[in-house]
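Since the structure comes first, as structure tokens, the remarks are kept for the end.
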Amino acid sequence: MIEACSLSFSYNHHSISNNEDFTGRALKDVSFFVNEGERIAILGHNGSGKSTLVKILGGLQEASEGKCLINGIDINEMDFRELRTTIGMVFQDPENQIVAAMVEDDAAFAPENQGLPSDEIQARVDEALKQVNLLHKQGASVSALSGGEKQRLALAGALTARVKCLILDEATAMLDPVGRVHVENVMKELHKSGMTIIQVTHQIEAENFDDIQRVIVLSHGEIIWQGVTRDFWEKSEALGFDLPDEFKIKQLFAARDINFPESFRDCRINFREESDTYDPAKSAKFAIQDLSFKYEDSTTQTLDKVNANIPAGRWLSIIGRTGSGKSTLVQHLNALYKIQDGRILFDDKALPQKGEEVHELRRKVGLVFQHPEDQLFSFTVRDELAFAPKNAGFTKHELDEAVLYGLECVSLDESFLDRNPIALSGGERRLIAIASVLAAKPECIVLDEPLAGLDAHYQHQILNMLKKLRDNGRTVITITHDLSMALNYSDRILIMGDGKAIQEGSPHEVIASIMHNLEPGAWPDVLRFSAKIHEINKDFPLLYNYEDFISCISQI
């Protein structure tokens with residue numbers, strides 16, 4: 001169905017063969033094929049050329065050299081209508097492809113442009129919105145949707161076109177675990193019905209890969225490996241990818257001849273969870289009291305009498321289903337959203353809502369958005385990092401020091417200072433956006449989905465940075481759909497649901513609530529395994545840390 005023939009691409013439009021400055025943000029001599037009805041995954045670290053490649057496959061970008069054939073026809077010579085009914089694309093950022101103000105109208109955009117009868121359009125819209133679990137939002141305004149709901153709407157828009165091939169570029173990166181499971185089930189049904197699916201992803205999870213037939217791995221714009229999924233698991237670590245915990249655990253069971261879970265039925269495990277005696281109410285950076293909020297075009301409360309204490313000098317993760325109010329809550333913390341009802345105390349004082357006090361608050365509380373790349377606007381990294389400290393009144397010497405401090409925090413060297421932020425890879429842009437906030441040395445940093453769409457290398461880099469900030473006394477607040485990150489790195493976790501605060505506590509204290517509010521398919525691998533054992537042996541603890549789980553296994 002699709003054939004990539006020696007595809008090369010350079011953003012400076014030079015011939016690749018003569019371009020000595022070729023970088024990983026382009027492609028070089030990429031060739032492969034995709035059979036009709038096949039499902040493949042395209043993997044690679046940030047900056048490896050994945051997004052560039054799928055834009056060429058989708059006809060959104062023209063190769064510098066080589067060509068792409070769709071059913072034997074050069075994609076650049078295809079009729080536009082035929083191309084758009086053959087290949088549909090869903091990107092990581094739904095804002096890039098949502099075109100209408102209302103949910104139903106956006107989902108109807110593609111079939112309307114295909115000139116279909118109104119009853120056929122409505123049937124397609126209803127079916128697609130039902131598939132992505134948005135039928136109940138059919139009459140809602142797009143602006144009232146959460147980031148994850150917008151992502152599902154973008155997917156619905158592609159489904160209504162009834163394309164033969166669907167290309168997804170990190171399309172589930174911003175979804176919560178339950179949402180990812182739901183979309184994965186939709187993908188499996190579409191694949192079963194004969195649709196060709198190409199996925200760019202960093203989420204290498206065993207359950208998501210059981211339906212993928214082939215894997216292509218890119219590095220610095222070139223294919224370094226391709227083959228069937230079974231062979232990929234054997235090569236994954238050598239290729240620089242972490243094996244999912246599920247695979248490692250099953251390998252260990254096989255090596256030790258452990259019959260799961262029956263082998264654990266009568267064993268006694270010596271394991272003691274470290275207790276958290278910290279009382280957040282005694283040293284709260286933020287005390288949120290009966291906070292309620294409703295968007296102008298919404299009929300329901302986005303926040304409904306939320307009460308929570310965010311401890312100073314600790315790392316709090318906020319988790320919950322898409323649309324539970326997480327992003328709305330944190331955007332109150334530096335007064336981006338004004339308090340409608342209730343109150344927030346910051347260091348035991350009422351959170352300022354206007355005037356110079358708000359300016360001072362934003363110097364103390366830095367916010368990195370869900371798509372931090374949208375925060376970048378300067379021509380150089382140096383200017384980007386200098387913006388916040390300059391507004392905070394830093395002098396020239398202090399300003400230079402602040403810029404270098406921001407770089408140091410995210411482990412980037414001074415060679416980045418004169419580069420254009422927009423020309424950086426996705427992972428590098430994420431780090432620069434974080435560095436631009438940290439340069440002003442805020443007391444508290446709030447990050448909305450800091451790991452989404454990043455490869456393992458950048459994820460570890462950001463996690464280590466946040467740990468260091470926390471250890472140095474900063475207050476760290478993260479919104480995340482990555483339950484493994486929340487459980488293994490945070491000091492405290494706040495669970496949100498339907499605009500309410502369900503529970504706040506240490507990871508150990510909230511684990512039962514997580515299991516109650518999220519289906520097992522959304523749990524981290526280690527928690528699923530330990531919960532199965534716990535069902536037949538109450539002495540076995542509910543665990544979420546891989547090393548703790550291995551320690552317990554070694555005792556039988």
Side-chain angles (χ1 to χ4, degrees), residues 1-7 24 27-54 56-57 66 68-69 165-173 180-181 183-185 187-188 190-192 194-258 260 453-457 459-460 484 521 525-526 528-529 546:
M1 182 180 189
I2 298 175
E3 186 175 3
C5 308
S6 300
L7 293 178
L27 299 173
K28 187 176 182 181
D29 199 26
V30 171
S31 297
F32 65 94
F33 62 88
V34 181
N35 292 317
E36 185 174 352
E38 194 172 25
R39 185 176 180 188
I40 73 168
I42 299 178
L43 308 180
H45 299 304
N46 289 102
S48 61
K50 305 182 301 297
S51 294
T52 301
L53 174 60
V54 294
I56 293 173
L57 299 182
C68 176
L69 304 178
C165 174
L166 189 59
I167 299 176
L168 304 102
D169 188 358
E170 294 288 359
T172 61
R180 287 204 301 271
V181 170
V183 169
E184 174 58 27
N185 290 336
M187 290 299 105
K188 287 180 178 178
L190 292 171
H191 183 217
K192 188 177 179 181
M195 181 178 284
T196 306
I197 299 175
I198 302 172
Q199 280 179 268
V200 170
T201 183
H202 286 304
Q203 292 160 338
I204 304 177
E205 299 167 348
E207 188 174 340
N208 292 353
F209 268 62
D210 62 6
D211 190 49
I212 289 172
Q213 292 149 303
R214 281 196 303 125
V215 176
I216 295 173
V217 180
L218 289 178
S219 179
H220 301 292
E222 300 182 73
I223 293 179
I224 60 170
W225 189 89
Q226 60 179 313
V228 297
T229 307
R230 180 184 63 254
D231 292 341
F232 169 73
W233 293 124
E234 297 175 1
K235 301 279 189 179
S236 60
E237 291 182 299
L239 291 168
F241 299 98
D242 292 336
L243 276 173
D245 286 343
E246 177 178 341
F247 262 78
K248 292 189 287 186
I249 290 170
K250 286 182 175 179
Q251 286 179 342
L252 185 61
F253 285 166
R256 298 194 55 185
D257 199 24
I258 292 174
F260 174 81
L454 296 181
D455 63 39
H457 169 76
Q459 287 188 9
H460 291 315
S484 183
D525 294 342
V526 172
R528 278 204 307 275
F529 277 99
Y546 178 76

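The structure displayed is predicted, hence computed values, not measured ones.
The shortest heavy-atom contact between H45 and G240 is CE1-O, 3.3 Å. Across all their heavy atoms, C5 and S31 have their closest contact at C-OG, 3.8 Å. Shortest non-hydrogen contact noted between F241 and G44 is CZ-N, 3.9 Å.
The side-chain heavy atoms of V215 and I40, taken from C-beta on, include no pair separated by under 4.5 Å. Side-chain contact between L239 and I224 is present, with heavy atoms from C-beta onward closer than 4.5 Å. L27 has its side chain within reach of V30: a pair of non-hydrogen atoms, C-beta onward, lies under 4.5 Å apart. Side-chain contact check for F32 versus L53: some heavy-atom pair is nearer than 4.5 Å. Side-chain contact check for F529 versus Y546: every heavy-atom pair is 4.5 Å or farther apart. The shortest distance between side-chain heavy atoms of L43 and L218 does not fall below 4.5 Å. Two residues are said to be in side-chain contact when any heavy atoms from C-beta on lie closer than 4.5 Å; Q199 and I42 fail this criterion.
Separation of atoms CG (L243) and CD (E237) is listed at 4.0 Å; rounding is to 0.5 Å. The line from CG of L166 to OG1 of T196 is 10.0 Å long, rounded to the nearest 0.5 Å. Separation of atoms SG (C68) and CD1 (I2) is listed at 6.0 Å; rounding is to 0.5 Å. For the atom pair CZ (F247) and CG (D525), the distance works out to 10.0 Å, reported to the nearest 0.5 Å. For the atom pair D29 CG and L7 CG, the distance stands at 9.0 Å (nearest 0.5 Å). We find the OG1-CZ distance between T229 and R39 to be 9.5 Å, quoted to the nearest 0.5 Å.
Ring geometry for F232 against W225 counts as tilted: the plane angle lies between 30° and 60°, on a 0 to 90° scale.
For the pair R214 and F33, the cation-pi criterion (under 6.0 Å, within 45° of the ring axis) is fulfilled.
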Practice task
Begin from the C-alpha positions of M1 and C165 and carry the test side chain to side chain contact (heavy atoms under 4.5 Å, CB included) through to its verdict.
Solution key: CA-CA 9 Å; M1 182 180 189; C165 174; 3.6 Å; yes
Practice task
Please lay out, stage by stage, how V526 and E246 fare under the test side chain to side chain contact (heavy atoms under 4.5 Å, CB included).
Solution key: CA-CA 7 Å; V526 172; E246 177 178 341; over 6 Å; no
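Between the side chains of H202 and D455, no donor-acceptor pair is found at a separation under 3.5 Å.
Judged by distance alone, the side chain of Q459 and the main-chain N or O of L454 form a donor-acceptor pair under 3.5 Å. With H191 contributing its side chain and G37 its backbone, the two residues share a donor-acceptor pair below 3.5 Å.
Electrostatic pairing of D169 and K50 does not count as a salt bridge here, judged by no charged N lying under 4.0 Å from a carboxylate O. Using a cutoff of 4.0 Å between basic side-chain nitrogens and carboxylate oxygens, R180 and E184 are not scored as salt-bridged. Checked for salt-bridge contact, K188 and D210 meet the test: a charged N lies under 4.0 Å from a carboxylate O.
Surrounding NZ of K250 are at most 12 heavy atoms belonging to other residues, nucleotides or ligands under 6.0 Å away.
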